[in-house]
Amino acid sequence: MMRGDDDIENNGHPVYNPTDSGGARQRRAPSGNGQAYSSVPSQQAQHAGYGPNSYDADSLKKKSTSFSTPTFNTLSQRSSTVGGGSVPGGLSSFFTSTAHLTEGPNQQFYRDNFNDQPFSCDFGTGEENGIWMNTSDQAGTIMAFLVWLLLIYSAWTFTALAATDGIPSIFSALYVLFCVLALASHAKTTFTDPGSVPQAAVPNERMRREMGTPDQPLSMCSQCQTFKPPFSHHCRICNRCISRMDHHCPWMNNCVGVGNLKHFILFLLYTWSCSVFSLILLGWNYFMCADEDCTFNGVLTQLVRAVTVLSIGALLFTSSMIMNVTFGLMTGIGTIDRLKKKANNTIAEAIEEPIPLKDVFGIGAYWTWLLPIDPLLEDHDRVMGYSTPQRLLREEMRDEPARVFSPSGLSKDMLSI
């Protein structure tokens, strides 16, 4: 029940090699703004691998992401680190985040509150759209609406059963809570940027060192004409390259990628919980009810039968998808990549590594793992697979406050971005 929309690998276009002479690479302007992005010279974009000078690989930025909202925070690692400090474990980590232990004036990380997201209130999947939403797939829109309709119907049915004393009210309230969490997770999955690669994306330092070689060059997307991070794919429906894309899900009307994988997993878990809980309650009533007080009568009987069929179907579907996602986390191979490797009979030769849970659910308090809120990622650039010259420039400006700036706000030896 998924669509695997893949991209065309390079398609004869030259791959992106950061060792090319000149220290700068021109990119095609993003649609709508007519601006041409040029990369930062070697002295200023050392993280991205332009030119001979480069920072150490440990100077990767950390970022607290909010993919679906205009404002987000960034935890960035300073170029010269100052004692990392230890992160305590135990029960306290369930209620409190440990990010503040390494963030501050004399700590290893700092928070970047710069807002570089559009403020427009229009829907779409382009960089100029302020609200992420796939509007090009009418079938996906109908299927996503159907998910809401069925969950609301089942919640209303259990509310009606509790109102007629068919089931205890506490069980009905618990089922409705599961439905609300499932719907909230569905909304976050639908309206969250799944990890689209911006036009100005550049490889981070570690990626440049490991992959920026003639034997293993960094590639470009032939359709987006942008840098293509590892494990990313071009979705023809969203018309964007998605970092660590798993598949395009019509039930979500969105791609499932690194940006909304947490919300997708939560939706599966809460929907699975709804299905199991409803089957247990209805099955208990069917087999254990011995008097007329707990017997469903009239219209409620037909509603319960429909919910039973719906719960069985949802249980089978979500169980298969949970196993699919679990396999992807344990092997590091997404659905599209796994189908490719099976077709080529090369899945046994896979070199991908398992995906740590902190790269999905973040490093915040454990209770945040249970809620459909954006995670605080430990290392945003590593998880996303790219950085941007704008973020690298802000770090350069922060680490060297004595640098003389031009009236435009950029250092004098910077090219315009």
Side-chain angles (χ1 to χ4, degrees), residues 4-11 13-20 25 27 39 47-50 54 57-58 60-63 65 67 193-235 238 240-248 255-261 325 327-344 346-356 358-360 377-389 391-392:
D5 297 292
D6 198 6
D7 54 344
I8 302 174
E9 306 289 344
N10 292 330
N11 194 23
H13 292 261
V15 296
Y16 170 41
N17 188 350
T19 60
D20 289 344
R25 168 178 166 270
R27 293 177 190 79
S39 59
H47 290 286
Y50 299 101
S54 63
D58 292 335
L60 296 173
K61 277 67 55 196
K62 273 70 174 175
K63 176 176 179 179
T65 58
F67 293 94
D193 186 341
S196 60
V197 181
Q199 197 77 15
V202 294
N204 55 41
E205 172 67 13
R206 181 178 301 174
M207 188 183 305
R208 185 190 67 84
R209 291 186 175 186
E210 295 177 355
M211 301 184 62
T213 62
D215 296 333
Q216 196 176 11
L218 299 170
S219 61
M220 289 180 59
C221 175
S222 59
Q223 301 185 45
C224 295
Q225 293 299 310
T226 59
F227 165 65
K228 181 183 174 185
F231 313 114
S232 63
H233 299 276
H234 185 90
C235 176
C238 296
R240 294 290 298 275
C241 273
I242 307 300
S243 181
R244 200 175 273 278
M245 175 180 172
D246 187 82
H247 67 283
H248 183 95
C255 287
V256 176
V258 65
N260 61 356
L261 180 59
V325 172
F327 180 84
L329 293 177
M330 294 177 63
T331 61
I333 306 175
T335 302
I336 294 178
D337 293 322
R338 184 170 70 254
L339 294 176
K340 280 185 175 182
K341 293 179 183 296
K342 284 185 177 181
N344 299 330
T346 58
I347 193 168
E349 305 172 2
I351 60 174
E352 289 82 356
E353 297 181 355
I355 301 176
K358 65 181 179 180
D359 289 354
V360 178
L377 299 179
E378 181 186 46
D379 189 337
H380 176 265
D381 289 353
R382 176 181 58 80
V383 175
M384 296 297 296
Y386 66 86
S387 185
T388 60
R391 292 205 338 102
L392 297 176

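When all heavy atoms of Cys224 and Gln199 are compared, the closest pair comes out as O-NE2, 3.5 Å. Of all heavy-atom pairs between Ala201 and Thr388, the closest is CA-CG2, 4.5 Å. For Gly385 against Ser243, the heavy-atom pair with the smallest separation is N-OG, 4.5 Å. Taking all atoms of both residues into account, the shortest heavy-atom contact from Gly332 to Arg244 is O-NH1, 3.7 Å. Nearest heavy atoms, Asp337 versus His233: OD1-NE2, 2.9 Å. Across all non-hydrogen atoms, the minimal contact from Pro389 to Ala200 is CD-O, 2.9 Å.
Note that CG of Leu392 is 7.0 Å distant from CG of Asp381, once rounded to the nearest 0.5 Å. Rounding to the nearest 0.5 Å gives a distance of 9.5 Å between CD of Gln223 and CD of Gln225. For the atom pair CZ (Phe227) and OG (Ser219), the distance works out to 7.0 Å, reported to the nearest 0.5 Å. Distance check, rounded to the nearest 0.5 Å: CD1 of Ile336 to SG of Cys255 gives 7.5 Å. Interatomic distance, Thr335 OG1 to Arg338 CZ, rounded to the nearest 0.5 Å: 4.5 Å. One distance of note links NE2 of His380 with OH of Tyr386; it measures 5.5 Å at 0.5 Å rounding.
Here the side chains of His234 and Cys221 are in contact, with some heavy-atom distance below 4.5 Å.
Partners of Arg240 under the side-chain hydrogen bond (donor to acceptor under 3.5 Å, both in side chains) rule, at least two apart in sequence or in another chain, are Ser196. Remark: Asp359 pairs with Ile355, Pro356, Arg382, Val383 by the side-chain contact (heavy atoms from CB on, under 4.5 Å) rule, at least two apart or across chains. Shown here are the side-chain contact (heavy atoms from CB on, under 4.5 Å) partners of Pro230, two or more places apart in sequence or in another chain: Met207, Met211.
Distance alone, capped at 3.5 Å, places no donor-acceptor pair between the Asp193 side chain and the Gly259 backbone. When atom types are taken as modelled, the side chain of Asp246 and the backbone of Gly334 share no donor-acceptor pair closer than 3.5 angstrom.
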Point to revise | Working for side-chain contact (heavy atoms from CB on, under 4.5 Å), residues Ile242 and Val197 | key: CA-CA 6 Å; Ile242 307 300; Val197 181; over 6 Å; no

Exercise for review: Walk me through it: do Phe231 and Met245 pass the test side-chain contact (heavy atoms from CB on, under 4.5 Å)?
Suggested key: CA-CA 7 Å; Phe231 313 114; Met245 175 180 172; over 6 Å; no

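Using a 4.0 Å cut-off between a side-chain N of Lys or Arg and a carboxylate O of Asp or Glu, Glu352 and Lys341 qualify as a salt bridge.
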